[in-house]
Protein chains: 2
Amino acid sequence: MLQLIENRLKGLSPAESLVARWILAHPRDAANSTLAAVAAACEVSEPTVIRFCRHLGLGGFRDLTLRLTESLSQPSSFVHRDVNRDDTIQDAAAKVMDSAIQTLVSQRSLLRNVDIGKAANVLARARQIVFAGIGGSGHVSDDAQHKFFRLGIPCSALSDPPSIQQFAAIAERGDVLVLTSNSGQWPELSAAASMSRQRGASVIALTDPTSDLAAAADIPIPCGSEDETSLYTPRNSRLSQLAVLDVLQVATALELGDAAANRLRRTKMALSGDLTA
Amino acid sequence: MLQLIENRLKGLSPAESLVARWILAHPRDAANSTLAAVAAACEVSEPTVIRFCRHLGLGGFRDLTLRLTESLSQPSSFVHRDVNRDDTIQDAAAKVMDSAIQTLVSQRSLLRNVDIGKAANVLARARQIVFAGIGGSGHVSDDAQHKFFRLGIPCSALSDPPSIQQFAAIAERGDVLVLTSNSGQWPELSAAASMSRQRGASVIALTDPTSDLAAAADIPIPCGSEDETSLYTPRNSRLSQLAVLDVLQVATALELGDAAANRLRRTKMALSGDLTA
DNA sequence: CTGAAGCATGTAGCAAAACTACAAGAAAAT
DNA sequence: ATTTTCTTGTAGTTTTGCTACATGCTTCAG
């Protein structure tokens, strides 16, 4: 959470960044204060504080205090520190692993406020699922397709804008489009989301909750909106995306019940050769 | 916190113990609800809920929600428990995330005994790097190729046995073959590793350290050897593989020094449009 | 240089939420 | 049976978070 605030710092207006800096300096106080107290301490008005919360993708001030206490209580053993050129190889390795772990830990708490059941419900009834993403997110989509087809649902994965737009043009009611994007700022993806919805398909978006894409989707799922600033930091958000898609797959399997369980069992057996016997 | 409530249970009046039991049964709901909602759910009056809070030594209802989110986010050390069909969607989601985190935590300690520097050294001097894997590991290879090319090293990714064997047949000194396999038991991969080495190429294998493939490689890197037994457990080892490849990429970048740093910087700028200006 | 448009910020008011005071009823003690 | 005490709910008060609107600043076209 604090990490998230720090990353967003430069994108905020003067008054709001005042709030951000005060919270970063007194996180413990902020978590236990009232809206009025925080506004007074920052010497800004109350609505400014609320607007600050909204810019972070939170529901309001109440949400902020909850998230703050949450992140303050988390173990700090895997806090992320950037790799720099003077690190030894072993230090760098530990840092990269730590940041990966930290990413998943934050994603875990992000998911607490998401209605996974709603997404699972839609996915379970899908006529077909199309996973789509550009660049690195394309590989995430491939992975998802490779995982969901085992539930017996027709699946495909698209990773270039022309294909994605073509699909949007022929999407039908019952189709589910799952879009993955780190920033959520590619206009092509938002356009595909809008057109698909217009044609009656459902759109799930794994992306920054404040992005255009999230706004264009039926079911936005906040995902890995963290930093990615440092030169040597890998794109950890894809790990979040993969893990969230795992969550969705498991949730969908539970929703589908025995039928899905049997298919999963048979796919496992296929690999160990038990089916041929 | 939940423990504390349980201890105090018998010392409470009837109406208050109603509240206590409801909170113990629905801690997550309680943390996100309002006083009125909790009172309604327990079928008691609002002051009763407040009195309950005071009996616990808390300041009020506000305090209760804070403390609850706090203790709920204290990850139960992310120990892995299998998802089963009776889990609620939210429970299943937490379990999936926990198992993903646990996988990375163990991978982190596995890496402590691996000479990353040796692998980075080989990679940094490579004429070309070929990433190869079958099935799910194929996507991991794609991701790696998509990441390493930014260092300026010629890279490709192969994900089917025929292609992999063809590459092994023409591998040369200076080429590096990075094989990824969960079990390390596909004979095709071990054969490709042996032939590549025989022809003077280096072979790095991300796999089970006791496997045939690990034995056939120059530099084996233990990776995600955990079992993936349960029906609903995702293949977490691929998260380990991705993270380890991140580590290798960062290590290689550090080994290459300024040249790689500049290339990384330019690839970042390309995305934000700064190069065209 | 002027005026319009858009953005940032604050003021005032509102609805809800949390909390308090008090009273009614039940159980226990005299 | 009467008083006392303890438990619980009702009604009211204060606080809190939030929204609608207005003001002022910046930016940019003409």
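So you know, we letter chains A, B, ... as the sequences are listed, proteins then strands, and number each from 1. Everything numeric in this text was worked out from a predicted model, so none of it was measured.
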Would you call the rings of B/His146 and A/His139 parallel, tilted or perpendicular if under 30° counts as parallel and over 60° as perpendicular? perpendicular

Using side-chain heavy atoms (C-beta onward) and a distance below 4.5 Å, is [X] in contact with [Y]?
| X | Y | result |
| --- | --- | --- |
| A/Val244 | A/Leu110 | no |
| B/Val38 | B/Phe61 | yes |
| A/Ile153 | A/Thr252 | yes |

Between A/Ser211 (side chain) and A/Ala214 (backbone), is there a donor-acceptor pair under 3.5 Å? yes

Can you name the nearest heavy-atom pair linking A/Thr65 to A/Ala30, along with the distance? CG2-O, 3.9 Å

Where B/Leu12 and B/Ala20 come nearest, the two heavy atoms and their spacing: CD1-CB, 4.0 Å

Can you pull the side chain to side chain donor-acceptor pair (under 3.5 Å) pairs that have at least one residue in residues 28-46 of chain A, sequence neighbours excluded?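 Those involving residues 28-46 of chain A are A/Ser45-A/Thr48.
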
Using the heavy-atom set of chain A and a strict 4.0 Å cut-off, write down the first and last nucleotide of DNA chain C that makes it in, 5' to 3'. C/dA8 to C/dT11

So, with a heavy-atom separation below 4.0 Å from DNA chain C, the residues of residues 42-54 of chain B are B/Glu46, B/Pro47, B/Ile50, B/Arg54

Count the heavy atoms belonging to other residues, nucleotides or ligands that lie under 6.0 Å from CZ of A/Arg127, then report whether that count exceeds 12.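 More than 12 within 6.0 Å, yes.
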
Under 3.5 Å between N/O atoms: give me all the protein pairs with nucleotides 24-26 of chain D, atom names plus distance.
none

Please step through side-chain contact (heavy atoms from CB on, under 4.5 Å) for the pair A/Leu24 and A/Leu9, ending with a clear verdict. CA-CA 10 Å; A/Leu24 287 174; A/Leu9 232 174; 4.0 Å; yes

Rounded to the nearest angstrom, tell me the gap between atom [atom1] in [X] and atom [atom2] in [N].
| X | N | atom1 | atom2 | answer |
| --- | --- | --- | --- | --- |
| A/Arg62 | D/dT16 | CZ | P | 11 Å |
| B/Leu18 | D/dT8 | CG | P | 9 Å |
| A/Leu58 | D/dC18 | CG | C1' | 15 Å |

Per nearest nucleotide of DNA chain D, the residue lying toward the 5' end, A/Gly60 or B/Pro14, is B/Pro14

For DNA chain D, the residues among residues 33-41 of chain A that have a non-hydrogen atom under 4.0 Å from it: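 A/Thr34, A/Leu35, A/Ala36 - these, ordered by number, are the residues of the stretch whose heavy atoms sit under 4.0 Å from the strand.
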
Among A/Leu177, A/Leu179, A/Ile219, which one satisfies side chain to side chain contact (heavy atoms under 4.5 Å, CB included) with A/Ile204?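 Among A/Leu177, A/Leu179, A/Ile219, the one that satisfies the side chain to side chain contact (heavy atoms under 4.5 Å, CB included) with A/Ile204 is A/Ile219.
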
Pairs under 3.5 angstrom only: tabulate donor-acceptor contacts from the side chains of residues 157-167 of chain A to other protein residues two or more places apart or in another chain.
{"from": "A/Asp160", "atom 1": "OD1", "to": "A/Ser163", "atom 2": "OG", "distance (Å)": "2.7"}
{"from": "A/Asp160", "atom 1": "OD2", "to": "A/Ser163", "atom 2": "OG", "distance (Å)": "3.0"}
{"from": "A/Gln166", "atom 1": "NE2", "to": "A/Pro162", "atom 2": "O", "distance (Å)": "3.4"}

With a 4.0 Å cut-off on N to O distance, would you call B/Arg265 and B/Asp258 a salt bridge? no

